[in-house]
Amino acid sequence: MFNAISDGISIKLNSVFGDGYEISSEDIKQGFVAPCFFIKPLPTTSKALLGKRKRRDYQFVITYFPKEGNEEMMKVSEQMLDALACITLVSGETLRALTQDSPMESEIVDGVLHVTVKYAVFFNDLSREESMDDLKYSGGLKGA
């Protein structure tokens, strides 16, 4: 799922900013050309829900290396926060960024823009068995 979400982020960034910006999810190599984006996955959390359902939260930080300075980064930050609120995966599924649990964040550090976003995915865990299938009940009325 990491790759699918990373691809969805790349597609959204490309649709907003165009082909003039390099977008990478691989390690940044020395001598890269700005302006460019780097997509990095952060730790994932997984939580079992009722029945066979499971929720997995995928968090990413998108780093933007500007050509100019702070004014450019502030403009790009606004565009990214709006664009990444909803992405479409290659499969056609739409994911919305979590904003109540952990809001999207934008921060400029050492001349580089960092935008953090988290997406939740719900699915059925087919490896978990339902324990209710083997439930046996026996009983009767007291005093009868």
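Cluster annotation: Ile39 and Ile108 are assigned to the same hydrophobic cluster (Ile/Leu/Val/Met/Phe/Trp/Tyr, side-chain heavy-atom contacts under 4.5 Å, transitive). One hydrophobic cluster holds both Val16 and Ile5 under the rule that ILVMFWY side chains link at heavy-atom gaps under 4.5 Å.
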Handout entry: Audit row: Ile87, Ile11, side-chain contact (heavy atoms from CB on, under 4.5 Å) steps and yes/no
Key = CA-CA 8 Å; Ile87 62 170; Ile11 291 167; over 6 Å; no
Practice task
Please report the C-alpha distance between Cys36 and Ile23 in whole Å, then the side-chain angles of each, then the deciding distance to 0.1 Å, and finally whether the side-chain contact (heavy atoms from CB on, under 4.5 Å) criterion is met.
Solution key: CA-CA 6 Å; Cys36 64; Ile23 302 169; over 6 Å; no
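Between Arg55 and Ala120, the shortest heavy-atom distance links the atoms NE-CB, 3.9 Å. The shortest non-hydrogen separation linking Met80 to Leu13 is CG-CD2, 4.2 Å. Residues Glu72 and Pro66 share a closest heavy-atom pair of OE1-CB, 3.6 Å. What you find for Leu84 and Val117 is that their closest heavy atoms are O-CG2, 4.1 Å. Closest of all the heavy-atom pairs between Lys12 and Cys86 is CE-O, 2.9 Å. Leu81 and Met104 make their closest contact through O-CE, 3.4 Å (heavy atoms, listed as atom of the first residue, atom of the second, distance).
Side-chain rings of Tyr58 and Tyr119 stay apart, their centers remaining 6.0 Å or farther from each other. Separation of the Tyr64 and Phe38 ring centroids does not fall under the 6.0 Å cut-off.
By the 30° and 60° cut-offs, the orientation of the rings of Phe2 relative to Phe60 is perpendicular.
With values rounded to the nearest 0.5 angstrom, Asn14 atom CG is found 12.0 Å from Asp7 atom CG. Phe65 CZ to Ser24 OG: the interatomic distance, rounded to the nearest 0.5 Å, is 10.0 Å. For the atom pair CD1 of Ile9 and OG1 of Thr88, the computed distance is 12.0 Å after rounding to the nearest 0.5 Å. Atom CG of Leu113 and atom OG of Ser77 lie 5.0 Å apart (nearest 0.5 Å). One distance of note links OG of Ser106 with CD1 of Ile62; it measures 10.5 Å at 0.5 Å rounding. Here NZ of Lys75 is found 15.0 Å from CG of Asn70. Values are rounded to the nearest 0.5 Å.
Side-chain atoms of Gln59 never come within 3.5 Å of backbone atoms of Pro41 as a donor-acceptor pair (strictly under, hydrogens ignored). For Lys54 (side chain) and Leu49 (main-chain N/O), no donor-acceptor pair under 3.5 Å exists by modelled atom type. A donor-acceptor contact shorter than 3.5 Å is absent between the side chain of Glu93 and the backbone of Leu89.
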